[in-house]
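Just follow the structure's listing: the first ligand is 1, and inside any ligand the first atom is 1. Because the structure is a prediction, the values reported are computed rather than measured.
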Amino acid sequence: MARITAGVATSHVPLLGVAHDQKKDRDAYFGPIFAGYDWTREWERSEKPDVVILVYNDHASAFDMRIIPTFAIGCGERYAPADEGWGPRQVPDVIGHPDLAWHVAQSLILDEFDMTIINEMDVDHGLTVPLSMMFGDVAEWPVKVIPLAVNVVTYPPPSGNRCWALGEAIRTAVASYDEDLNVQIWGTGGMSHQLQGPRAGLINREWDNRFLDGLIGDGDALRHIPHIEYLRETGSEGIEMVMWLIMRGALGDRTQALHRHYHVPCSNTAIGHLVLRPDNGEGFDMTGSSAAELVAAR
Ligand SMILES: [Fe+2]
C-alpha cells in the first residue's frame with residue numbers, strides 16, 4: 001500500500017527561486033538561508049520518495065478573482081512553470097501522478113471535503129521554489145507531484161482546524177491506495193510576513209518558533225489558532241501557515257522532528273523549514289539522519 005513517510009514544511013519565498021536560478025544561493029546574503037536546506041537535500045536523496053503531495057497556494061497565476069477554489073487538487077499529467085511577470089522559471093515541468101491524485105480526490109470528496117479538481121494549470125513559485133530548495137538544480141524533478149492548492153490569498157481562507165482535518169483525510173486516502181508508493185506531504189508558505197501597509201516587514205520570531213514547536217510531538221493546539229491571531233501576530237500573509245497544518249494533520253497523532261531551520265530575513269519575511277516523521281509508536285526509520293541532526297526540540 002502507499003504510505004506517507006514524512007512531512008516537510010518550508011517557506012516558498014519567490015526571491016529564493018531568483019537566488020537559485022541566478023546562482024547566488026551561496027553568497028553572503030543567501031548562503032545562510034540555503035545552508036539550512038543542505039541536510040534535507042542529502043536526506044531526500046536517500047529517502048527517494050515516489051510522490052510528493054505538495055500543499056501550496058497560487059499567487060494569481062492559475063487562479064484570480066474569477067475563480068477562487070478553497071481546496072484544489074491537481075489530477076493532471078504535467079504542469080508547466082507559470083509566467084509570473086518575468087517569464088517562466090527555467091526549471092523542469094512538474095510531472096503529476098494522475099492515478100493517485102484521482103484516488104485521493106475521490107476519497108476526499110466521499111469523505112465530505114469538496115475538492116476542486118484541476119486537470120490543467122501552470123504552477124507558480126509557491127510550488128516550484130520548494131522543489132528547488134529540496135532538489136537543487138536538476139534536469140528533471142526526481143518525484144511525481146500532486147499539487148494541492150489552498151486559498152490563502154483572498155478572505156476567507158479555510159480554518160486551521162479544517163486544514164488539519166483535510167490532512168487527516170489525505171492520510172486515509174493515501175493509505176487506501178493499492179500500490180507500494182513512498183509518499184511525502186509538504187506544507188509550504190509562511191512564516192511571519194506582511195508585504196504591504198504600515199506593518200510591511202513585520203516578523204515575529206517568537207511566534208514563528210512556537211508554531212514550529214507545536215508541529216512536533218503530539219499536541220494539536222495549532223489547529224485552533226484563529227485567523228485574527230495569524231493577522232495580528234504574523235502579518236497579513238502569515239495565514240499561509242495554515243497550509244502547514246494540512247501536512248501536520250496527514251502525519252497522524254505524533255511526530256518527531258528530523259531537521260529544523262529558521263532564518264531572518266529573507267526578502268522581508270522570516271523563513272522556516274522543518275522535516276518531520278510520523279511516529280507510529282514502533283520506532284523511527286532514521287534513514288538519512290544522524291543523531292547530531294535529529295532535532296527533537298529547539
Ligand atoms: Fe505564498
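- Atom CD1 of Ile216 sits about 5.0 Å away from atom CZ of Arg260, to the nearest 0.5 Å.
- Ring pair Tyr177/His97 is perpendicular by interplanar angle, where above 60° counts as perpendicular and below 30° as parallel.
- For the pair Pro49 and Val143, the tightest heavy-atom approach, listed with the atom from each and the gap, is O-CG1, 3.1 Å.
- Hydrophobic cluster membership of Leu231, counting Ile, Leu, Val, Met, Phe, Trp and Tyr whose side-chain heavy atoms lie under 4.5 Å apart directly or via other members: Ile228.
- Side-chain contact check for Tyr262 and Asp208: at least one donor-acceptor pair (N or O, by modelled atom type) lies under 3.5 Å.
- The distance cut-off of 2.8 Å around the Fe ion (ligand 1) captures these protein N, O or S atoms, sorted by chain and number: His12 NE2, His59 NE2, Glu240 OE2.
- In this pair, Phe30 and Phe34 present their aromatic rings perpendicular. The plane angle is above 60°, beyond the 30 to 60° band.
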